[in-house]
Amino acid sequence: MGKKSSSLVYQTTFKGFYNFLPISLALATLLIVIYISTLYLQALPSSTSSLNNLQIEDSGNDNHNLFSDRLSGANQWLLGNLFGSTNGNYTNNKEAYHDGDIFLQDYIEMNKSLKIYVYPHSKDDPFANVLLPPESDPKGNFASELMFKKALMKSHFVTQDPDEAHLFYMPFSISPMRTDPRIDVRGIPEFVKNYVSNINQKYSYWNRTGGADHFYVACHSIGKIAFDKMFVQRLNVIQLVCSSTYFPSSYLPHKDASMPQVWPRKDDPPNLIMSPRKRLAFFAGAVNSPVRIALLKVWGNDTEIFAHFGRLQTPYSEQLLGSKFCIHVKGYEVNTARIADALYYGCIPIILANHYDLPFTDILNWKSFSVVVHHIDIAMMKKILQGISNEEYSMLQSNALRVRKHFQWNVPPIDFDAFYMSMYELWKRRSVVRVKLTPLVEFT
């Protein structure tokens, strides 16, 4: 008489373990982030909370004294903190990559071995505009998610065999959902919930790991609500997003990955050799956050830092090419296309966006090609920038030009561009609990 294999018990037991493991890791990380954030906020001077209540008005105070009460403690900028030493010299932060040799070795392996299964959809699907890649080249601020989809579908990473797949791609795009009257912004969570339910019923891949080897891509910040009706699943699924802030619970850095927001350009990067940079720093944009209000109050009338709110009357590129530093300021969200714009034009980015999990931060040494400034140190910004020597500035710019290829989309993709770097981030997050779909064996 036949006897069933004990592997049935083994598979059943570990199936539950695989589902539980990513949730446990996500919850543990979330608790750690909340704890650290609480300690950090307690350490800040109580007066920093008034920053959120600043209004655009003439205070009559000297710009340099506006935040003097906030700059008198351990939160003051020290140039040594910026450059990795107490005297302001580059000692630990001169390399653009944390470890270029390891990155190159891993990148080659990723390019050779990574396989992704894309859930198939036909052109006749009523939501083909959301699920299929666009026929034309995407444009605009939120093009990155569509550029990624278009590049992936034509790449060697895609496999038709789910058993050899490291990851599973759910190809719904947030940007088309926003403008589709059948879905709209409020309907995105319901659409995603139904989508996961459908693939769960039709395929068996999701249940193997509780969705821990599945991912979706979003560049618009509204993408963070995609799994609002699926809390447990959100703790498992991998998010490749532009709005990568680790302050809210919707983003978990160890599990999710940051992708740069890039305004696609077809032209080659400009020749920067002869570009005179007479202005110290530049920003242009809408007044849509307390941080931007603070920037305007302090530097709105400065002659060396040009903080312009609204549309420029001159080409945007002229200011990017004519400034040494270009300011990326948090708006509604931490991300904008300004970092990629700055790097494209050889301008050193100033990152003024707390809690921003910067793109490719586990690969790139951001201190080697940008200046990160805390919100409460806006009044110290000119002092920080003026304290950077010509030698240090040359190193920053040299590294900026070295890494800017990672912040560009190309058709077709080119090695080390934004597409391949995003693929590398996904490869690093491939599930360690990879399970093949094999039938149960019976012993006789």
Side-chain angles (χ1 to χ4, degrees), residues 96-116 118 133-134 136-158 167 169 171 173 175 215 217-219 240-242 244 257-272 317 320 328 335-347 349 357-366 368-370 397-430:
Y97 302 88
H98 295 303
D99 194 317
D101 293 335
I102 291 179
F103 166 59
L104 183 59
Q105 180 181 347
D106 285 349
Y107 179 91
I108 293 172
E109 178 61 29
M110 175 277 298
N111 207 6
K112 179 175 64 175
S113 64
L114 178 61
K115 294 299 177 184
I116 292 177
V118 182
S136 59
D137 291 339
K139 299 178 181 178
N141 254 332
F142 310 111
S144 289
E145 68 178 82
L146 297 176
M147 292 291 289
F148 176 90
K149 182 192 295 187
K150 189 170 185 177
L152 175 62
M153 298 303 289
K154 295 182 178 180
S155 73
H156 64 280
F157 296 111
V158 173
L167 297 168
Y169 176 41
S173 293
S175 293
F215 74 94
V217 181
C219 200
L240 180 62
V241 294
C242 295
S244 50
S258 176
M259 178 176 65
Q261 183 173 340
V262 180
W263 191 290
R265 295 179 172 86
K266 294 183 178 180
D267 301 330
D268 292 332
N271 185 343
L272 306 174
S317 57
L320 293 169
H328 162 86
N335 57 295
T336 73
R338 287 177 179 81
I339 292 178
D341 289 343
L343 294 172
Y344 183 84
Y345 288 100
C347 189
D357 186 32
L358 293 161
F360 318 135
T361 190
D362 49 353
I363 307 163
L364 303 178
N365 178 14
W366 277 81
S368 74
F369 61 91
S370 70
Q397 188 178 49
S398 175
N399 283 330
L401 298 179
R402 187 179 177 191
V403 303
R404 68 174 174 175
K405 60 179 175 286
H406 305 315
F407 296 81
Q408 297 171 21
W409 292 100
N410 299 287
V411 181
I414 299 173
D415 260 333
F416 302 106
D417 69 359
F419 170 70
Y420 279 100
M421 294 293 284
S422 298
M423 293 302 293
Y424 179 83
E425 291 288 6
L426 288 170
W427 181 76
K428 292 185 68 177
R429 287 158 175 79
R430 65 197 186 283

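All of these numbers come straight from a predicted model, not from anything done at the bench.
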Practice prompt. Measure the CD-CG distance between Q105 and D99 for me, rounded to the nearest 0.5 Å.
Written response: 9.5 Å
Worksheet item: Looking at CZ of F369 and CZ of R404, how far apart are the two atoms once the value is rounded to the nearest 0.5 Å?
Response: 13.0 Å
Item to complete: Please confirm whether R265 makes a cation-pi placement over Y344, using NZ or CZ under 6.0 Å from the six-membered ring centre and within 45° of the ring normal.
Response: yes
Worksheet item: Looking only at atom types and distance, does a side-chain atom of Q408 sit under 3.5 Å from a main-chain N or O of D417, one as donor and one as acceptor?
Response: no
Worksheet item: Given the rule in the salt bridge (Lys or Arg N to Asp or Glu O under 4.0 Å) test, do K149 and E145 qualify, once you have shown the distances and angles that lead to the verdict?
Response: CA-CA 6 Å; K149 182 192 295 187; E145 68 178 82; over 6 Å; no
Worksheet item: Less than 4.5 Å apart, any side-chain heavy atom of L358 and any of I339?
Response: yes
Worksheet item: What heavy-atom pair brings S422 and M259 nearest, and what distance separates the two atoms?
Response: OG-CG, 3.6 Å
Practice prompt. Could you grab the distance from atom CG of N111 to atom CG of D106, nearest 0.5 Å is fine?
Written response: 12.5 Å
Practice prompt. Can you see which heavy atom on M421 is nearest to which on I363, and at what distance?
Written response: CE-CD1, 3.9 Å
Worksheet item: Would a distance-only check, ignoring hydrogens and angles, find a side-chain to backbone donor-acceptor pair under 3.5 Å from S144 to P260?
Response: yes
Worksheet entry | Ring centres under 6.0 angstrom apart (H406, Y424) | no
Discussion item. Parallel, tilted or perpendicular: which one describes the rings of F416 and Y107, with boundaries at 30° and 60°?
Written reply: parallel
Practice prompt. Before giving the answer on side-chain contact (heavy atoms from CB on, under 4.5 Å), spell out for F419 and F157 the whole-Å C-alpha distance, their side-chain angles and the decisive distance to 0.1 Å.
Written response: CA-CA 12 Å; F419 170 70; F157 296 111; 4.0 Å; yes
Practice prompt. Report, as yes or no, whether the 6.0 Å neighbourhood of atom NZ on K139 holds more than 12 heavy atoms from other residues, nucleotides or ligands.
Written response: no
Discussion item. Set out, in order, the CA-CA distance, both residues' side-chain angles and the distance that settles salt bridge (Lys or Arg N to Asp or Glu O under 4.0 Å) for E109 and K112, then state yes or no.
Written reply: CA-CA 5 Å; E109 178 61 29; K112 179 175 64 175; 3.6 Å; yes
Worksheet item: Rounded to the nearest 0.5 Å, how far does OG of S155 lie from OH of Y420?
Response: 7.0 Å
Practice prompt. Measure across P359 and W366 and return the closest heavy-atom pair with its distance rounded to 0.1 Å.
Written response: O-NE1, 3.0 Å
Item to complete: Determine whether C219 and F148 make a side-chain contact, defined as any pair of heavy atoms from C-beta on separated by less than 4.5 Å.
Response: no
Worksheet item: For residues D341 and H328, is any side-chain donor paired with an opposing acceptor at under 3.5 Å?
Response: no
Worksheet item: Between atom CG of D362 and atom CZ of F103, what is the distance when rounded to the nearest 0.5 Å?
Response: 9.5 Å
Worksheet item: Passes side-chain contact (heavy atoms from CB on, under 4.5 Å), M423 versus I116? Steps please.
Response: CA-CA 10 Å; M423 293 302 293; I116 292 177; 3.3 Å; yes
Worksheet entry | Intermediate values then yes/no, side-chain contact (heavy atoms from CB on, under 4.5 Å), V118 and M153 | CA-CA 8 Å; V118 182; M153 298 303 289; 3.7 Å; yes
Discussion item. Would V158 and Y169 count as a side-chain contact (heavy atoms from CB on, under 4.5 Å) here? Give the steps.
Written reply: CA-CA 10 Å; V158 173; Y169 176 41; over 6 Å; no
Discussion item. Using 0.5 Å steps for rounding, measure from the NZ atom of K428 to the CG atom of L114.
Written reply: 13.5 Å
Item to complete: Mark yes or no for whether S258, through its side chain, and D357, through its backbone, hold a donor-acceptor pair below 3.5 Å.
Response: yes
Worksheet item: Does some side-chain heavy atom of L364 sit less than 4.5 Å from a side-chain heavy atom of Y97?
Response: yes
Practice prompt. Assess whether salt bridge (Lys or Arg N to Asp or Glu O under 4.0 Å) is satisfied between D137 and K150, documenting all intermediate values.
Written response: CA-CA 9 Å; D137 291 339; K150 189 170 185 177; 2.9 Å; yes
